[in-house]
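Only one structure is covered here, and it is reproduced in the block below.
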Amino acid sequence: MSQLPLLTILLACPVLGLAAILVTPARYPGAIRRIAAASGLAAAAVVVVLWMRFDPQAPGFQFVERVRWVPSFGIEWHNGVDGLNLPLLALTAIVFLTGVLVMWELEERVKEYFALMTLLVIGVYGVFMTLDLFFFVFYYEVAVLPMYLLIAVWGSTRKEYGAMKLTLYLLVGTALVVPAALALYWGAGQGTFDLTRLAAAHYGRSFQLLVYPFLFVGFGILAGMWPLHTWSPVGHVAAPTAVSMLHAGVLMKLGAYGILRVAMPLLPQGAHYWAQATAILATVNIVYGAFVALNQTDLKFVIGYSSVSHMGIVLLGLSTLSETGVNGAVFQMFSHGVMTALFFAAVGYIYDRLHTRDIRELGGLSRTLPVASAFFIVAALTGAGVPGFSSFWAELLVFLATLQAYPVLAVVVVVALTITLAYSIRVIVRAFFGEPHEAHPGVADIGWFLSVPRAVLVGFLLLFGFAPRLILGVIEPATRALVQSWH
Amino acid sequence: MSQLHWYLLVAVLLFCIGLYGLVQRRSLIAMLIALELMLAAISLNVVAITSLAGGDAESATGNVSSAGQVVAVILIGVAAAEGAIALSLFVAIQREVQSINVEDLSELKG
Amino acid sequence: MNWDAFLFGSSAALALIGALFAVSLKNIFHNILGFALALVGVAGLFLTLGSDFLAIVLLLVYVGALGIAMVYAVMLSQPLDTPRTPRSLPKIAGSALLAALVAMALWLVIRRAHFPGPPEVLEVAPQWIGRRLLQDYVLAFELISVLLVVAMIGAVMVARRDPGRRAPGTAAGTAPRPGAPR
Amino acid sequence: MTGPTLAALLAQFAPLAACAVVLVALRGRPRTAAALAIAGMAVSFAASAWLVAAVAVPGRSFLAQTVFLPVDQAHSLAFGVLLDTLSTTMALVVSAVTLAVMVYSTGYMAGDPGFARYYGFLALFGWAMQGLVLSANLLQTLAFWELVGLASFLLIGFWFERAAPAAAARKAFIMTRVGDVGFLLGVLLLIRTLGLATIPDVIAAAAPGGALTGRTIAVAAALLLMGVIGKSAQGPLFTWLPDAMEGPTPVSALLHSATMVAAGVYLVARLHPLFLAAPDVMRGLLWLAIATALATATMAMVATDIKRVLAYSTISQLAYMLMGLAAGSVTAGYFHLVTHAGFKALLFLSAGIFIHHAHSNDMREIAGRDPRAQRAGAIGLVAGSAALAGVIPFAGYFSKEAILGAVGAHGTTLVLALAYAGAALTAYYSFRMVFLTLVPAGAGATEAGGAHGGHGGTGAPAHRRTPGERAMGVTVLVLAALTLVLGYLGPWLGVRLLPGEAVREPFELGTGALVALALVAAGIGLAWIEFGRAGAPRIGFLERVPALARFCGDNWYLDRLYRATVVRWAAALARAAQWNDRTVVDGATDGVANGTVGGGRLLALVQNGNVQAYLTVAALLLAALAYALGRVAVAP
Amino acid sequence: MALSRLFALSPEAALAVTALLVFGALMTERHRTRRARQAAYVGGVLVLAASLLTMGRSEEFFWATYRVDAFSQLVKAAVAVGFLIGAFIAGEVRGQREDVRGEVFFFLLASATGLMALASAVELVALYLAMEIASFSLFVLVPMCDQCQMGREAALKFIVIGLAASAVTLFGLSLVVGFTGTTRLDEIAAQLPQLASEPALSFGVALFLAGLLFKLAVFPFHFWAPDVYQAASHGIAAFVATASKVGAIAVLARLVTAAGLGGTRLVTALAVLAAVSMTLGNLVAIVQRDVKRMLAYSAVAQAGYVVVGLVAFTRDGVAAALFYGLIYLLMNAAAFLVVARVGADGTNPQLDDLKGLHRRSPLLAATLLLALFALAGVPPTAGFVGKWFLFAAAMGQGWWLLVLLAAVNSTISVYYYLVAVKYAYLLPDERKRGPLPLSFGDRALCYALSGAVVALGVFPTALYRVAERAAQLLP
């Protein structure tokens with residue numbers, strides 16, 4: 001195909017943005033913001049082009065770019081898109097752009113902030129587009145590390161602790177992934193890190209059984225897998241708004257995507273062998289996360305634990321190893337990404353204005369900040385699985401697949417939906433209903449400019465809530481091919 | 001036990017006596033003495049093995065095996081150089097801290 | 001009991017006893033004397049191996065140069081009247097144990113070594129040593145000369161009294177005094 | 001796209017469009033918002049009416065669907081509209097009541113700060129309910145089912161600043177969700193087994209020789225029934241409905257009596273063949289319904305809040321509908337649904353007039369504020385109560401008669417007797433309400449009970465009626481007229497719903513009907529003796545026993561039971577999970593971290609500053625290496 | 001012909017010229033320090049250029065005991081870079097005893113000479129002597145510290161451990177000579193296979209390696225490193241941390257391939273040492289407050305990583321180790337440059353001194369960030385690819401447990417690197433110190449090193465090719 005290297009162009013958007021931010025003197029924060037927004041917008045535009053030109057029915061990867069990078073190790077600059085990563089690229093574009101807009105009012109160390117955020121996004125885009133195992137891990141870590149500074153410098157509650165905990169946890173994950181990746185390289189014996197060729201390689205059964213847990217746990221940590229999830233709420237609470245958005249919205253998906261893109265296609269026997277165990281872990285995630293969320297008083301903690309719970313649904317969908325389940329999982333990745341970004345965007349505004357997120361000190365927010373509250377309530381309802389928003393369908397697919405694969409777990413997670421609803425409603429009723437708290441007299445409600453990014457997020461939730469076919473039509477052929485390759 | 005092994009035994013013992021001095025004595029000069037003993041033991045080792053076992057007789061220049069002897073000569077030179085450096089430092093240290101007791105020199109730790 | 005064995009036995013005994021003196025006696029001068037004794041023993045061992053030249057060089061460099069340098073160093077550095085701290089018995093025992101352990105370990109390895117080649121004593125004429133030093137060991141020869149130069153200059157520099165330092169143990173004045181070499 | 005499809009889409013999406021515009025753009029312009037919402041609903045109503053005319057013909061049904069949710073390569077779920085008599089008439093009922101309530105609300109909610117939001121939510125509800133009614137796929141039904149729940153949550157909690165409505169909204173949402181868990185599982189089970197969930201296909205599969213086994217049918221039916229129980233406030237899950245009365249009265253009229261709570265009944269009617277294929281489940285439902293009907297009747301007998309009385313009566317009447325369905329008659333159950341929608345909406349809206357006027361829900365307080373001056377309200381209340389009680393010729397009589405007939409034909413004598421007893425109690429508590437409200441009390445009869453406030457708006461003075469209040473009156477009167485008419489629909493419905501079933505003549509007064517009428521008369525009489533006549537004690541026979549009064553007034557202590565068990569356990573579990581997270585999981589993490597740092601401290605001790613110690617370490621390692629190598633040499 | 005053959009020795013010739021220049025500069029009365037420094041710069045550049053120019057050469061000298069090939073010239077170039085950076089960081093040589101400031105350059109040069117000879121020597125005695133030259137020069141440099149009281153103590157430990165290590169090395173040498181009768185690497189390598197069953201010979205080889213492990217600061221010969229890093233003045237510490245390490249890595253690579261130890265128990269021993277080094281270095285680094293001392297412990301850990309690559313005993317492993325050595329030079333140079341500029345008065349910066357660095361000098365803070373991330377092995381810096389290659393080589397030989405441990409260790413290391421980053425970027429400076437002045441050279445070097453660290457992280461191919469070619473030349 002002699003067409004434009006769209007994926008490289010996509011990656012170039014934030015890279016150029018980063019370069020431009022770095023050369024812009026720090027005394028021009030406005031210009032820096034605009035550069036960041038422009039790079040986000042450009043990337044989003046490229047994603048739109050990708051989506052338009054993407055042919056769901058075509059087999060294999062599209063927009064493939066391939067350049068030899070380190071030939072002696074078989075490392076290649078190899079990018080491609082299929083139905084599994086296209087939605088996630090779109091998610092990244094959405095969340096990054098809205099994240100930049102949400103932080104428009106940031107005053108403190110603007111240059112460093114946007115530089116780091118752009119770096120983070122480079123990593124995320126990279127992970128989602130690359131088809132080379134080396135670059136996969138490369139970008140994966142690129143995405144993880146700016147988090148430390150982003151949280152520690154611009155964060156709030158226990159930020160240093162949260163930042164360090166998050167970073168170390170995630171790096172423990174990579175410490176498991178790196179040896180596993182190298183084992184995959186040598187195990188295939190083809191001298192390549194090309195994921196598509198590694199997927200075709202045949203690994204021995206015992207190899208698969210040994211290596212799979214490393215990959216699953218390694219990536220699973222980033223996906224908030226129980227019991228290695230505690231970095232996530234703490235980190236989210238500490239992080240500034242847009243970082244929380246990116247982190248819970250996109251970064252946690254990297255983990256699940258790693259499982260989906262690396263662990264499961266390369267080690268199908270391992271996946272089958274461990275599926276039951278991972279399904280149980282995922283179920284614990286869902287139920288446990290919901291229960292802990294039920295007892296939180298900090299809005300962000302609630303969201304953090306709800307993320308744990310919702311990512312459990314993704315893991316559960318993957319663990320079913322069925323087309324339906326994987327469809328649901330990918331869809332849920334997207335939906336949860338948008339939803340949780342909206343969550344944090346809403347809370348971010350509230351926190352900026354009222355300087356507290358403790359629901360005991362809040363109340364009647366729907367009166368004082370009706371629009372900002374509405375955004376939160378929409379997110380909460382999405383999280384609680386209200387139809388009309390995209391999560392509902394995603395979760396439904398996962399539940400359906402689970403009922404097929406693990407009926408008992410399906411009953412458990414469906415019953416746990418009541419808890420999910422309970423914690424969402426609890427927060428809404430406590431913080432947004434009731435008399436306005438006397439400590440927070442009149443503050444300005446969210447203006448139109450800051451509403452726009454949040455409204456965009458709501459729009460996507462609704463769009464795919466009303467027309468899940470739009471996204472599932474993209475995902476489904478890819479999962480079909482993936483699942484067929486297992487049998 | 002062959003003749004060579006007797007020599008080797010002496011060398012090992014000498015080496016370990018040196019080691020004992022090195023880790024036991026507090027005086028820096030005594031430690032240097034111990035070190036030099038170790039070097040002497042190594043010289044003995046080298047000369048004994050090459051003299052009594054020979055290795056292969058040919059070398060690049062076609063000479064008979066005298067590698068051990070050459071090594072020993074160089075070793076002796078090295079020992080002298082080491083002695084020079086070490087002694088000068090010990091003297092400097094003594095001037096500085098009024099002691100050449102190695103146990104007094106343990107500020108850098110952790 | 002032949003002459004060789006006697007010479008070997010007495011030299012070895014001299015070397016070991018001297019070495020023990022060198023490490024165990026309290027007086028530093030006795031140590032140096034013991035050191036010299038040990039080296040004489042080693043030189044004797046060299047003689048039994050037919051390395052007369054080496055024996056002489058050893059005595060010259062070690063006993064002649066190093067021993068004297070040590071004596072000087074002692075004179076320069078260690079006032080003989082400083083009170084001695086008593087030896088610590090645990091340290092002696094520990095060190096001895098360590099030395100014994102290492103000796104046993106080394107011996108464990110070495111005693112089973114089968115060195116190739118015929119067990120015959122080769123007389124090596126000094127001229128062969130010289131020749132090799134200037135032929136295939138010429139690089140080593142050059143390097144050791146560099147090493148010695150570095151060591152000499154270094155020794156001078158290290159030992160030289162620091163003119164910028166007023167008293168030991170206090171921080172040197174940061175302002176360069178006039179006339180100090182820059 | 002054919003006409004019916006278009007009409008069905010219009011019926012659904014006109015309210016949604018109105019809702020979207022109102023909520024996004026018109027929050028600051030209440031009058032426009034109301035007008036737009038009403039217009040949207042009117043379109044929906046018109047479309048529904050057209051649909052009834054077009055589709056509600058015996059033996060006719062219409063299905064249009066399109067792929068909505070791909071599941072895997074072999075299956076994808078199609079959503080669409082299923083149009084037949086059941087769905088179109090239900091759509092008409094829903095749109096009619098919604099429209100009525102919207103018109104009524106222009107008066108009732110006038111001046112409320114959330115006026116526009118209110119209409120937005122109502123329109124949202126209109127969309128969701130129409131979608132539920134017209135949906136062709138069980139999953140679609142489930143989706144709208146949840147959306148209806150959402151609308152209910154938003155509307156109950158409309159006055160969110162007050163604690164009681166907020167709590168009631170939460171309770172309603174979560175409690176119905178408990179039932180929905182079963183619904184969801186049931187639907188998933190059907191999809192898993194059949195690969196689809198299109199309603200006609202499911203029904204076909206449930207037919208003898210269909211794809212479903214009896215066991216699967218039973219399990220699926222039981223699971224679906226959980227949803228029904230939650231939504232229609234039956235059995236153990238009814239307690240949310242009385243609390244839901246904290247919402248604005250028109251909302252109660254619409255959602256919590258006429259339409260939304262009837263969704264459960266509608267679902268059973270919709271899937272009636274499937275349920276009939278699970279006779280054990282149906283028997284269970286019958287008993288549950290009877291128990292619910294009687295239990296809630298006792299509660300209605302002691303309540304003093306007019307809306308709570310109506311709420312309990314709603315539950316009781318829903319139980320009757322389910323009784324009819326469980327007894328095997330889809331016509332009877334559905335017929336009662338339709339008539340109930342009319343007269344219960346009427347009752348609530350009439351009550352709303354009093355509440356609006358008196359700013360109180362307490363019947364005794366209303367009685368003290370010259371209730372008869374509200375002429376339309378009084379008429380509506382009496383007519384509605386008569387219908388509720390089953391007084392001939394009001395609508396309730398015919399439908400209830402049909403149900404009792406079905407139960408009689410199907411069940412045992414005991415069942416029938418209990419059903420009759422329930423009818424008598426219904427008559428008693430409905431007229432207790434009438435007398436308590438309309439007959440002014442004697443001196444000092446009022447004790448300001450738990451005065452649940454009326455509403456947030458400032459009502460206009462009674463003597464000068466605003467256009468809004470006139471709209472309220474007109475609405476009530478129209479509905480009152482309807483209660484007289486609706487009763488004659490029975491045969492019309494019967495023919496269309498279940499062609500071939502014997503149609504009962506409305507005025508065929510058999511033994512059963514006579515017994516029932518007698519019981520109704522007795523109930524009304526007792527109510528008159530205790531409340532209506534001059535010098536009546538105005539205290540009911542149940543209320544004379546304080547323990548019983550407390551027991552019945554407190555939902556038979558069910559809420560207490562839930563609080564003491566489920567709620568407490570969930571909270572305890574949540575606390576335990578949190579403790580585990582903080583102490584065990586995080587503790588382990590921090591332990592590892594501290595252990596690492598501690599290990600660093602410990603290892604730093606090795607660097608103790610003594611060079612001889614360093615040498616010792618190195619020497620020991622060399623010795624170890626020598627030993628290792630020496631051993632290898634010895635081994636072979 | 002003969003002349004063009006001799007051209008291959010031009011780096012050495014340049015060294016000699018430089019030595020003369022520096023010596024001459026030291027003879028002058030006024031501005032001797034500055035002149036010596038300039039001479040050192042000129043010489044360093046000359047040597048670098050000569051090394052690069054002779055990269056394609058392949059010649060042997062001194063009866064084939066001195067080999068000039070791509071491998072040696074690569075290492076020489078690296079050493080030259082390290083020397084230049086060390087000399088640059090030493091700069092005005094604050095913190096060094098006043099009277100010998102100029103001599104610092106001479107001894108740095110001497111040490112560099114030793115390291116270069118190390119790269120080319122293919123004969124054990126010459127190898128050993130080259131190593132000693134490199135060490136002795138440093139023995140001399142460390143104690144001539146002015147501000148830091150600990151200089152002499154550190155030097156004492158450096159010397160005692162160094163001499164003990166040298167004794168161990170020589171003991172090993174004696175055994176090797178005894179078995180093979182030669183000290184030439186190629187002849188030894190030729191004889192090793194038939195002597196494989198001799199544990200004493202393996203032991204000898206192991207003991208010989210000990211000397212290199214000492215230079216590389218691998219456990220248990222690492223004890224000098226923290227003290228020396230801490231006590232030596234910045235420029236010297238930088239030299240020890242960069243050039244000296246590269247030389248040691250190079251010669252270790254040459255030796256392990258020559259010795260053909262793959263599969264023997266010695267390899268296990270090396271692996272154990274690597275594991276202990278990584279773990280110990282990283283754990284102890286956590287509790288350090290002095291930045292240079294922390295870097296020293298981190299160096300111990302890094303040495304462990306390098307050995308992880310070397311235990312593979314494959315061309316990949318050697319190439320990876322070489323590559324890592326080269327990028328390690330860059331990232332450590334960057335770190336030490338920051339340390340030197342933060343502690344511009346010659347004192348050692350503590351972690352607290354890093355506070356507010358991002359305000360005092362954003363460039364230094366960014367350089368430190370990149371350097372530390374590179375040391376931690378975080379992409380997009382070169383540290384990541386470097387470690388990836390190392391671990392990949394080890395994994396290829398089935399050392400998965402070792403690789404896992406190394407990966408976990410990388411995570412641990414991130415902790416203390418991040419703590420340093422935290423001080424530099426996060427904590428406010430209570431003392432409200434003013435901005436740090438940076439010279440043009442400082443800025444340029446900051447940009448160059450940061451740029452190189454990132455560029456090599458994203459585009460490692462070219463440099464890795466060179467390392468690979470060099471590795472292929474080894475016996």
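Chain naming here is simple, since letters A, B, ... match the order of the sequence lines and numbering starts at 1 in each. Scope of the values below: all heavy atoms of this structure, side chains included, with no hydrogens, waters or symmetry mates.
Proximity to chain E (any heavy atom under 4.5 Å) is shown, for D:L622, by both the backbone and the side chain. With a threshold of 4.5 angstrom between heavy atoms, E:L156 does not approach chain D through any atom at all. At a 4.5 Å heavy-atom cutoff, E:V272 makes no contact with chain D through either its backbone or its side chain.
Using a 4.5 Å cut-off between non-hydrogen atoms, the part of residues 277-295 of chain E that approaches chain D consists of E:L280, E:L283, E:V284, E:I286, E:V287, E:R293.
Ranked by non-hydrogen atom pairs under 4.5 Å with chain E, the options D:G599, D:A593, D:A626 are led by D:A626. For the set E:Y416, E:Y297, E:F221, E:W224, the entry with the most heavy-atom pairs within less than 4.5 Å of chain D is E:Y297.
Between E:F219 and D:V617 the shortest side-chain heavy-atom distance falls below 4.5 Å.
Here the closest non-hydrogen pair linking E:Y415 and D:V597 is CE2-CG2, 4.3 Å. Annotation for E:F223 and D:Q607: closest pair O-NE2, 2.8 Å, computed over non-hydrogen atoms.
In this structure, D:R582 places its CZ atom where more than 12 heavy-atom neighbours from other residues, nucleotides or ligands lie under 6.0 Å away.
Here the CG-NZ distance, from D:L615 to E:K157, works out to 11.0 Å after rounding to the nearest 0.5 Å.
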